[in-house]
Amino acid sequence: MMEEEEETETKPLRQDEADSHVRRNNPKKGFLEMTLRPIKWLKMLSEELHWSFVLGVVIVYGISQGFGVGLSRVSTQYYMKDEQKVQPSQAQVLIGIIHFPWIVKPLWGLLTDVVPILGYRRRPYFIFAGFLGVTSMLLLSLHKNLHLGFALLSLVAGSAGIAIADVAIDACVTQHAISHPSLAGDMQSLCGMSSSIGALLGFALSGFFVHLAGAKGVFGLLIIPASLIVLVGTLLRESRVRNFAYGRVKEKFLDAIKAMWTTLKCRDVWRPCLYMYLSLALGLHIHEGMFYWYTDAKDGPSFSQEIVGSIFSVGALGSLFGVLLYQNFLKNHPLRDILFWAQLLSGISGLLDLVLVLRINLKLGMPDYFFVVIDEAVSRMFGRIKWMPLLVLSSKLCPSGIEGTFFALIMSIDHIGLLSSAWSGGLVLQMLNVTRTQFDNLWIAIVIRSLLRLVPIGFLFLIPRSDPNLSILPSEMLRTKRVNDVLEPENIEMATLVLASD
């Protein structure tokens with residue numbers, strides 16, 4: 001009997017050794033296994049979390065936020081510079097305003113969690129978000145000589161459409177993070193990978209489209225991602241809330257706000273939230289100053305639209321590589337350790353811009369384009385590696401029942417940090433007199449930004465040292481609570497095209 005048990009125990013080891021031997025001696029099979037690994041991973045997620053969830057993430061994160069935002073970022077920058085003729089510091093502030101709908105994400109979260117429309121909590125909001133995006137992009141693309149105020153309003157409306165759809169899909173992600181805490185890292189990897197691949201394609205094509213059709217023509221193309229959000233809303237199958245007491249909406253809002261406040265008072269929640277804000281706010285966003293220098297500076301590289309788009313596409317590739325590094329090598333490491341190295345390397349990599357602006361790269365014989373794409377890829381890779389554990393941490397801080405709302409609250413804190421970074425960066429550019437034609441002091445802004453990126457290392461004690469695969473909240477906060485069938489987590493899945501047609 002003992003001999004049989006020993007033989008049974010050693011079989012897997014022998015099989016692994018045999019597989020390893022086959023891979024070493026059969027490189028083609030090893031390459032095939034490596035190629036099939038992402039497919040097996042997606043299959044595993046589809047089996048554990050349902051294929052419809054994976055599809056929904058790909059549409060919202062990959063096509064809308066990834067590809068769509070990739071196109072819109074370059075087109076918006078050229079629209080502000082060439083159509084509206086604004087200064088870099090002004091563009092910095094205006095782009096911060098465009099992202100304002102992301103700051104009020106808790107409002108969208110409360111609406112989707114608390115106020116069903118025609119008995120549904122997700123579908124109508126997806127459809128509304130899509131139509132909002134379609135309308136705003138139509139106005140921007142068709143109207144000639146649009147006033148800056150109306151143009152800004154349209155861009156804010158388009159951003160609101162993306163934010164509302166993001167809240168709805170985030171609710172699904174956080175629900176699954178609660179029920180499958182060991183897959184939280186995989187889900188965030190799926191979100192990050194979809195977004196990075198979509199952004200890679202969007203940025204790669206953005207410069208070509210801006211050159212071919214102009215910034216307003218690209219806004220017309222952005223109608224397609226917005227339309228797909230409408231499609232998500234029509235295909236979404238969810239349990240219908242019956243006999244909902246709309247007269248108690250105020251009470252539901254108050255209950256949700258009380259639940260969020262109770263959660264925020266938890267020491268393991270507010271401390272990471274504070275770190276996330278500080279980490280982002282101290283990043284000092286000066287991208288618009290760098291963009292104007294890329295394209296308008298007399299002694300700069302004078303990049304064309306196609307070159308700018310290709311630079312951002314390489315940056316998206318670096319971001320994707322960061323996701324792959326996190327997924328394959330870092331996701332099981334303590335969050336505090338990952339954030340320490342990511343923050344340190346992010347600050348150091350920021351000095352690459354200094355080498356470029358001072359033209360040291362030319363003295364070393366390195367062409368501008370070659371150096372810029374390396375700079376962009378490295379910076380985006382470290383930025384993504386820093387962002388991934390923050391997303392995993394955020395998904396673990398959400399109590400059951402208001403997971404969509406609370407995740408939106410955490411993300412709004414992050415976006416307040418990004419807005420603080422953008423506006424403080426605009427203020428620094430203004431104080432240093434960095435304009436459309438004056439870039440003498442841009443290097444000082446780069447040094448300030450790089451030094452500030454190191455400051456959050458001193459606040460890493462706010463991040464818990466717990467196992468990244470375990471829940472952080474107390475068990476009582478993770479229990480499902482019923483509040484007249486409104487705050488109860490539900491099983492959401494996408495209806496097939498056949499069922500939709502029926």
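This structure is a prediction, so every number in the text was calculated from the model and none was measured.
Within 6.0 Å of atom OH in Tyr369, more than 12 heavy atoms from other residues, nucleotides or ligands are found, so the atom counts as buried in its surroundings. The neighbour count for Glu306 CD, taken as heavy atoms of other residues, nucleotides or ligands under 6.0 Å away, is above 12. Other residues, nucleotides and ligands contribute more than 12 heavy atoms inside 6.0 Å of the CE atom of Met44.
Remark: Leu212 CG to Leu205 CG distance equals 11.5 Å, nearest 0.5 Å. Atoms OG and CH2, on Ser279 and Trp387 in that order, are 9.0 Å from each other to the nearest 0.5 Å. In this structure, the separation between CD1 on Ile95 and CD on Gln77 is 5.5 Å, given to the nearest 0.5 Å. For the atom pair Tyr61 OH and Ser195 OG, the distance stands at 8.5 Å (nearest 0.5 Å). For the atom pair CD of Gln65 and CD1 of Ile229, the computed distance is 8.0 Å after rounding to the nearest 0.5 Å. The structure places CZ of Phe208 at 14.0 Å from OG of Ser313, a figure rounded to the nearest 0.5 Å.
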**Report entry** Candidate pair Leu356 and Trp293, rule side chain to side chain contact (heavy atoms under 4.5 Å, CB included), full reasoning
**Finding:** CA-CA 11 Å; Leu356 182 68; Trp293 184 82; 3.7 Å; yes

Query raised in the report: Which is it for Phe303 and Asp368 under the side chain to side chain contact (heavy atoms under 4.5 Å, CB included) test, yes or no, and what are the steps along the way?
Result: CA-CA 9 Å; Phe303 289 144; Asp368 285 330; 4.0 Å; yes

Query raised in the report: Do Tyr125 and Ile117 pass the side chain to side chain contact (heavy atoms under 4.5 Å, CB included) test, and can you show the C-alpha distance, the side-chain angles, and the key distance before you say yes or no?
Result: CA-CA 8 Å; Tyr125 292 99; Ile117 299 176; 3.9 Å; yes

Requested in this report: May I have the step-by-step check of side chain to side chain contact (heavy atoms under 4.5 Å, CB included) for Ser64 and Leu228, ending in yes or no?
Outcome: CA-CA 8 Å; Ser64 176; Leu228 290 177; over 6 Å; no

Requested in this report: Evaluate the ring-ring contact (aromatic ring centres under 6.0 Å, His included) criterion for residues Phe219 and Tyr79: first the C-alpha distance (whole Å), next the side-chain angles of each, then the deciding distance (0.1 Å), finally the verdict.
Outcome: CA-CA 10 Å; Phe219 289 142; Tyr79 182 75; 5.5 Å; yes

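Between the side chain of Ser421 and the main chain of Gly417, no donor-acceptor pair closer than 3.5 Å is present. The closest donor-acceptor contact from the side chain of Thr135 to the backbone of Leu132 lies at 3.5 Å or more, if one exists at all. Between the side chain of Thr234 and the backbone N or O of Leu231 there is at least one donor-acceptor pair closer than 3.5 Å. A donor-acceptor pair is defined here as one N or O able to donate and one able to accept, closer than 3.5 Å; such a pair exists between the side chain of Arg449 and the backbone of Gly350. A donor-acceptor pair under 3.5 Å links the side-chain atoms of Ser349 to the main chain of Leu345, judged by distance alone. Without hydrogens or angle criteria, Ser141 side chain to Met137 main chain gives a donor-acceptor distance under 3.5 Å. Listed for the Ser136 side chain is a donor-acceptor partner under 3.5 Å among the backbone atoms of Gly133. Side chain of Gln87 to main chain of Arg436: a donor-acceptor pair is present (N/O by atom type, distance under 3.5 Å, no hydrogens or angles). Between the side chain of Glu48 and the backbone N or O of Leu45 there is no donor-acceptor pair closer than 3.5 Å. In this structure, Asp353 contributes its side chain and Ile446 its backbone to no donor-acceptor pair below 3.5 Å.
Side-chain contact of Ser159 with Trp102: a donor-acceptor pair under 3.5 Å is present, judged by distance alone. Residues Ser420 and Tyr277 bring a donor and an acceptor atom of their side chains to less than 3.5 Å of each other. Using a 3.5 Å distance cut-off with no hydrogens or angles, the side chains of Tyr294 and Ser302 do not pair a donor with an acceptor. Side chain to side chain, Asn441 and Asn433 fail the donor-acceptor criterion of an N or O pair below 3.5 Å.
In this structure, Trp41 and Leu190 have side chains that are in contact, with non-hydrogen atoms separated by less than 4.5 Å. Residues Ile307 and Ser304 form a side-chain contact, since some pair of their non-hydrogen atoms from C-beta on lies under 4.5 Å apart. Two residues are said to be in side-chain contact when any heavy atoms from C-beta on lie closer than 4.5 Å; Val357 and Phe439 fail this criterion. No side-chain heavy atom of Leu419 sits less than 4.5 Å from a side-chain heavy atom of His99. Counting heavy atoms from C-beta on, the side chains of Val218 and Ser72 never come closer than 4.5 Å. Counting heavy atoms from C-beta outward, Lys386 and Leu339 have side chains that approach closer than 4.5 Å. Within the 4.5 Å cutoff, side-chain heavy atoms of Met80 are placed close to those of Leu94. In this structure, the side chains of Lys216 and Leu140 stay at 4.5 Å or more apart for every pair of heavy atoms.
The two residues Tyr292 and Val86 come nearest to each other via the heavy atoms OH-O, 2.8 Å. Listed here is the closest heavy atom pair of Gly347 and Arg453: CA-CB, 3.7 Å. Residues Val156 and Pro101 share a closest heavy-atom pair of O-CG, 3.4 Å. Of all non-hydrogen atoms in Leu280 and Asp414, the two that sit nearest each other are CD1-O, 3.3 Å. Heavy atoms only, all atoms of each residue included: Val373 and Phe370 are closest at CG2-O, 3.1 Å. Across every non-hydrogen atom of Leu278 and Pro456, the tightest pair is O-CG, 4.1 Å.
The aromatic rings of Phe291 and Tyr78 sit perpendicular to each other, their planes meeting at more than 60°, with 30° as the lower class boundary.
For the pair Arg384 and Tyr326, the NZ or CZ position fails the cation-pi test of under 6.0 Å to the six-membered ring centre and within 45 degrees of the ring normal.
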